[in-house]
Amino acid sequence: MRCGAALSSVFPALRAPHRASTHPFECIGSLHLFLVTDVRVRFAPSPTGELHIGSVRTTLYNFLFARQNKGTLILRIEDTDQERLVPGAIDSVYDGLHWLGIRWEEGPREGGPFAPYVQSERLPLYREHAEALVAMDAAYPCFCTKERLAQMREEQQARKEITRYDRVCRRIAPAEARQRVDDGEPHTIRLKVPETGTIAYHDLVHDDVKWELKDVEDSILLKSDGFPTYHLAVVVDDHVMRISHVFRGDDWLPSLPKHLLIYQAFKWQVPEHAHFPNVLGPDHKKLSKRHGATAVREFRDQGYIPEAIVNFLALIGWAPGTEEEVFTMEQLIQKWRLDQVQKAGGVWDKERLDWFNRVHIRMLDDDDMAERLAAFLPAGASRDVISSSVPLIKERSRPWPTRVRCSSSFSSTSSSTRRSCCWRSASPRRYASC
RNA sequence: GGGGCCGUCGCCUAGCGGUCUAGGGCGCCAGCCUUUCAAGCUGGAGGUCACGGGUUCGAAUCCCGUCGGCCCUACCA
């Protein structure tokens, strides 16, 4: 049931702490009405580098779900770690996703009723919620320094104990803590996890999952620099932005109990959650740079077409249950189903991607293909050469740049010669033999 | 170390108690087509369903245990 939310949370602008017009996320004057049944999903990259192909898969599933439910897709930038920011990362998200044909309705550049969509621009919101949690006794200020924490961890390790925050600040009397905070003593705010009990949840992919609260750490919610950690920021934003379904990688599953505790403390309706399996490298570890190309841009530069990447990616972690597997984006929107999503991680298989690339290139019409090919040719290359080579290249399509170099050497010799030019690799010697 | 999750051919997967002598695709192998070919077409090899116990007339499918892998265990997301 999603209708338990108080009016104030349906209209965030009406909530008391936000009534003052000093806050950038105010939306008074443009009240939007949201039905509790509206599907609102979001993808929330942190701008720490180039758009990763693995996070594209999660985003794709979000997109497909939004489209088939006539819902809204939201882009939110989670830049709460100031130290890991990489300039240009947001451009990479926009470029990569647009190239792949993924569109969204609300985001930093699109705007929307819950702007801003960049977490570093919503800091007062998180601070207020962290303080509210303290007031409710669901969180507490922690005055431990990073140094003490590091030392504590070291000692725990030496004693072969579980490395976990020892909760010393949890035992400080509230009045004293209040005083120290008021005196300006640097501090963080930690989640106050109940010492006993269990917490359970029904995940849309993993079904029932549960944890013993004694195993859950008092994680930091608000850092001493005033920025929230992921745990606080996701919950607050997902709630405030009226997110109906949280879809993310299943590496987040272990921290779900913390998020649940926050929802509980605020008495907020918990959105549906689905934790998707990760895309893995050949060694079955999470796909990363050491496995080779992972940035969308690299695939584009290598001559893969977006149709192929989308099709290939969709099929890691999902299968339609029939024997067909070549799909366009439109068909995926029709056929993809959340309840068919796999639990186990899937390995990135380049050979299979190459096959999908060939298949989708053959499906392109000639004009379209000539158009796309042009991007890979040196400036001033003859349009006629491109057009005449299209049918031949299509027949033997491999990722593009290699073949393009060959095709630019086309002469009007016999058709068999032209043919061989198409498939030969661009190594100088072979090339010369064309 | 602690917790969580996962486990069908090398890889992506179908399969939800009998129709499974486990199906499809990638890759691999062979034949065909081609002057040649990594393209195309046709065919083939490849899985005792992680392992061990149950439950059942019957289990890849349900239950328990074991093992293995991965993820989390940061004032990173």
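To find a chain, count down the sequence lines: A is the first, B the second, and so on, and within it residues start at 1. Just so you know, these numbers use all the heavy atoms, side chains as well, and skip hydrogens, waters and symmetry mates.
- An OP1 or OP2 oxygen of rG27(B) is reached within less than 4.0 angstrom by a side-chain nitrogen or oxygen of R358(A).
- Residue F43(A) forms a side-chain contact (heavy atoms from CB on, under 4.5 Å) with just one option from V56(A), L97(A), L60(A), and that option is L97(A).
- Side-chain N/O atoms of S46(A) include none lying less than 4.0 angstrom from OP1 or OP2 on rC76(B).
- Summarising the geometry, atom CD1 belonging to I90(A) is positioned 8.0 Å from atom CG belonging to L75(A); distances are rounded to the nearest 0.5 Å.
- Judged by atom type and distance alone, S224(A) reaches the base of rC75(B) through a side-chain donor-acceptor pair under 3.5 Å.
- The side chain of K286(A) contributes no N or O atom lying less than 4.0 Å from OP1 or OP2 of rC71(B).
- Among the candidates R40(A), H259(A), H273(A), R76(A), the single residue satisfying the side-chain hydrogen bond (donor to acceptor under 3.5 Å, both in side chains) test with D238(A) is R76(A).
- Residue contacts shown for C142(A) are absent, as no nucleic acid heavy atom lies under 4.0 Å away.
- The pair R190(A)-D218(A) does not count as a salt bridge, with every side-chain nitrogen at least 4.0 angstrom from each carboxylate oxygen.
- Side-chain contact between L64(A) and I333(A) is present, with heavy atoms from C-beta onward closer than 4.5 Å.
- A salt bridge is absent between R358(A) and D354(A): the closest approach of a Lys/Arg side-chain nitrogen to an acidic carboxylate oxygen does not fall below 4.0 angstrom.
- Separating the C1' atom of rG25(B) from that of rG46(B) is a span of 14 Å, rounded to the nearest Å.
- Both distances falling under 3.5 Å, in either a Watson-Crick or a G-U wobble arrangement, occur for no nucleotide opposite rC49(B).
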Could you go through nucleotides 7-14 of chain B and list every protein N or O atom that sits under 3.5 Å from one of its N or O atoms, giving the distance for each pair?
{"from": "rC12(B)", "atom 1": "OP1", "to": "V347(A)", "atom 2": "N", "distance (Å)": "2.9"}
{"from": "rC12(B)", "atom 1": "O2'", "to": "L315(A)", "atom 2": "O", "distance (Å)": "2.6"}
{"from": "rU13(B)", "atom 1": "OP1", "to": "G317(A)", "atom 2": "N", "distance (Å)": "2.3"}
{"from": "rA14(B)", "atom 1": "OP1", "to": "Q342(A)", "atom 2": "OE1", "distance (Å)": "3.4"}
{"from": "rA14(B)", "atom 1": "OP2", "to": "Q342(A)", "atom 2": "OE1", "distance (Å)": "3.4"}
{"from": "rA14(B)", "atom 1": "OP2", "to": "Q342(A)", "atom 2": "NE2", "distance (Å)": "3.3"}

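- Taking the P atom of each, rC9(B) and rG4(B) are spaced 26 Å apart, rounded to whole Å.
- Separating the P atom of rC28(B) from that of rC11(B) is a span of 16 Å, rounded to the nearest Å.
- Judged by the 6.0 Å and 45° rule, R57(A) forms a cation-pi pair with Y61(A).
- When both pairing distances are held under 3.5 Å, rC28(B) makes a Watson-Crick or G-U pair with rG44(B).
- Pairing for rC5(B) goes to rG69(B), judged as Watson-Crick or G-U wobble with the two contacts each under 3.5 Å.
- Here the separation of rU48(B) from rC6(B), taken at their P atoms, is 24 Å to the nearest Å.
- Between the CE atom of M152(A) and the C1' atom of rG1(B) there is a distance of 15 Å, rounded to whole Å.
- Each of E324(A) and Y230(A) lies near RNA chain B, and the nucleotide nearest E324(A) is the one positioned closer to the 5' end.
- In this structure, N357(A) atom CG and rC26(B) atom C1' are separated by 14 Å, rounded to whole Å.
- Residues I220(A) and C142(A) have side chains not in contact (no heavy-atom distance under 4.5 Å, counting atoms from C-beta outward).
- Rounded to whole Å, the separation between the P atoms of rA50(B) and rA14(B) comes to 14 Å.
- Comparing the same atom, P, in rU61(B) and in rU19(B) gives a spacing of 14 Å after rounding to whole Å.
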Verdict with supporting geometry, W336(A) and Q68(A), side-chain hydrogen bond (donor to acceptor under 3.5 Å, both in side chains): CA-CA 9 Å; W336(A) 184 86; Q68(A) 68 187 204; over 6 Å; no
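- Rounded to whole Å, the distance from CG on L253(A) to P on rG4(B) is 11 Å.
- Atom CG of L75(A) is separated from atom P of rA77(B) by 17 Å (rounded to the nearest Å).
- Residue contacts for K160(A): at a heavy-atom cut-off of 4.0 Å it reaches no nucleic acid atom on any strand shown.
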Under 3.5 Å, N/O pairs linking protein and nucleotides 59-68 of chain B:
none

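- For the pair E105(A) and L73(A), the tightest heavy-atom approach, listed with the atom from each and the gap, is OE1-N, 2.7 Å.
- A sub-4.0 Å separation between OP1 or OP2 of rC76(B) and a side-chain N or O of K223(A) is present.
- Taking a cutoff of 4.0 Å between a charged side-chain nitrogen and a carboxylate oxygen, D91(A) and R109(A) qualify as a salt bridge.
- A salt bridge links D339(A) with R337(A): at least one charged nitrogen is closer than 4.0 Å to a carboxylate oxygen.
- Atom pair W355(A):CH2 and rC28(B):P shows a separation of 14 Å (rounding to whole Å applied).
- Checking rA38(B) for Watson-Crick or G-U wobble geometry (two distances, each under 3.5 Å) identifies no partner in any strand.
- A heavy atom lying under 4.0 Å from RNA chain B marks the following residues of residues 192-215 of chain A, by number: H206(A), V209(A), K210(A), W211(A), D215(A).
- Contact check, R164(A) against rA74(B): no side-chain N or O comes under 4.0 Å of OP1 or OP2.
- With RNA chain B read from its 5' end, the first of the two nearest nucleotides for D251(A) and F356(A) is the one closest to F356(A).
- Contact check for V181(A) versus F143(A): side-chain heavy atoms found under the 4.5 Å cut-off.
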